[in-house]
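Below: the structure, in structure tokens.
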Protein chains: 2
Amino acid sequence: MSNAQLAINNETGHAAGVNEWLGDGQSAQIKMGSSFTTTHERPLDMHEHLFMIGDKQTHLYQILEGVIGVYKMLPDGRRQIVTFYYPGDMIGGGDKSNWTQHAEALCNAKVRCIPVSTVDTLITTEPGFGQALMSMLATELEETRDQLLSLGRKSALEKVATFLLRISRRNKREGADESLLHLPMKRAEIADYLGLTIETVSRNITKLKTTGIIRLESKSEISVKDISLLEELADGGN
Amino acid sequence: MSNAQLAINNETGHAAGVNEWLGDGQSAQIKMGSSFTTTHERPLDMHEHLFMIGDKQTHLYQILEGVIGVYKMLPDGRRQIVTFYYPGDMIGGGDKSNWTQHAEALCNAKVRCIPVSTVDTLITTEPGFGQALMSMLATELEETRDQLLSLGRKSALEKVATFLLRISRRNKREGADESLLHLPMKRAEIADYLGLTIETVSRNITKLKTTGIIRLESKSEISVKDISLLEELADGGN
DNA sequence: CGATCTTTTGAAAGCTTTCAATCCAAGTGG
DNA sequence: CCACTTGGATTGAAAGCTTTCAAAAGATCG
């Protein structure tokens, strides 16, 4: 059970243990005491919605493949992506009966659907499961607060640097190359995540490229040439 | 036990039930099964820190009086306040052993300190307590995501309007006058919460005043003259 | 190879910040 | 009781950064 998928959206490196019960995505079953509960997988095409705001929260989702973007919108169409979920991450865990935002696949994806009733059962029958869920929420809150710092106080260049660094760190944590970043999402989605426009994102990626800090292998493939410089930029270099 | 203090930082109106165990701030004891655990209160002067980043997380705190600001900083001094905690709110509940941000009293305040060991005990002995904590975290995550939308996608005027509206709704929820807003914090703290400068906050409050949407009774006392207009502004008027 | 979607680049406009000065309210001391 | 001091809030003008509008350059797909 120890593999990269064990991470629960844990940017901070916490070993949130929800997957100890939910498995690593290879099995379709969840152990509950001595019995098992069957879940089902759901494939998602690029841009397909997993749920929309107001939908009844019937399941928790574990990302198996691809990346899911969760976002909020203003009535006039402005959009803010609040988080990207990667394989191994769990979506849900709150106590709301309805979703309070939209979730859309940013590329072809696959999720495991766990009925909320199963989750409720696990909480009462499996000691530690509730704690794991709590830990997951706490980690997510922590990351969201970091993002607040980015959106509220960082310049466009710093935001982009922070974003790339976050991907680099995720790679490192999962044993992948921390210098080779894959961006599964479009510039528009990076922009909506960083509170910028497409053009500003593009310009600042170009700036990082010109400075020699990164290299664009392709539009969605970036190699970091100088991580320490990137870190300095991301934290408001000092 | 049913009073305004029951709210757990619940902007969304959720009746998170942690205070069912922790009481309403009038008692110094917590019921644990048939026994009680004693906690202690701690008064805080204006600008006194409740904890600093990196400090060991020894207690959870329940706000009894005043307002506490929780913030993060960049190495060069830029600050982002991630949330304001009001009476009835709980600080903590994550699973981190150390605080990941600073907490400072914005005015004279008082908190009840609950040892983490007590919390751990409550989680295992009091059915429902863990759920209540989880609910609290979920609500906080939700609010933080709303703030992301503000910081990432709203104009300065919209941010200020949203901020005032949030206070108005808190008042309403607690049975206070939704049209008379008391701002316990300085402009500088509003600015650090909204990702703006003091001057921009001031200018936009003036703008709201000039438009007749609000009236400044004093520097920290605002009366809302047209709530629906304020709401329209806050949500990106359409 | 043409059509379409995405990214990049350029130039002007706009909004927020920065820098500076003034205003205000509260507290202090004579 | 009235200057005087002080910290905070407001207002003004210029600078700066990001957005907007527009167009060109790349990709992708049939």
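Computation of the quantities below employed the complete heavy-atom set of this structure, encompassing side-chain atoms and omitting hydrogens, waters and symmetry-equivalent molecules. Numbered from 1 within each chain, the chains take letters A, B, ... in sequence-line order.
- Backbone-only contact: A:Thr206 has heavy atoms under 4.0 Å from sugar-phosphate atoms and none from a base.
- For A:Leu196, taking side-chain heavy atoms from C-beta onward, the closest of the listed nucleotides D:dT10, C:dT17, D:dT19 is D:dT19.
- What separates NZ of A:Lys154 from P of C:dT17 is a distance of 17 Å, to the nearest Å.
- Heavy-atom distances to DNA chain D give each of A:Leu157 and B:Lys209 a nearest nucleotide, and the one nearer the 5′ end belongs to B:Lys209.
- Comparing atom distances between the A:Glu199 side chain and each of D:dT20, D:dT10, C:dT7 picks out D:dT20 as nearest.
- If you check every strand for non-hydrogen atoms under 4.0 Å, A:Leu216 touches sugar and phosphate atoms only.
- At its two ends the helix from C:dC1-D:dG30 to C:dG30-D:dC1 runs along axes set 30° apart, each axis drawn from five pairs and the angle rounded to 10°.
- Residue B:Ser155 has its side chain nearest to C:dT16 when only C:dT16, D:dT18, C:dT8 are considered.
- Closest to the B:Lys219 side chain, of the nucleotides D:dA9, D:dT19, C:dT16, is D:dA9.
- With C:dT16, D:dT18, D:dA9 as the candidates, the nucleotide lying closest to the side chain of B:Arg187 is D:dA9.
- In terms of polar N and O atoms assigned as donor or acceptor, the side chain of A:Arg203 comes within less than 3.5 Å of the base of D:dT20 in a complementary pairing.
- For D:dT18, neither phosphate oxygen OP1 nor OP2 lies less than 4.0 angstrom from any side-chain nitrogen or oxygen of A:Thr197.
- Annotation: of the two residues near DNA chain C, A:Arg153 and A:Ile205, the 5′-most nearest-nucleotide partner is A:Ile205.
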Might you work through the side-chain contact (heavy atoms from CB on, under 4.5 Å) test for A:Leu164 and A:Ile214, ending with a clear yes or no?
CA-CA 10 Å; A:Leu164 294 181; A:Ile214 63 172; 4.3 Å; yes
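- Atom CD1 of A:Ile198 and atom C1' of C:dC5 are 11 Å apart (whole Å).
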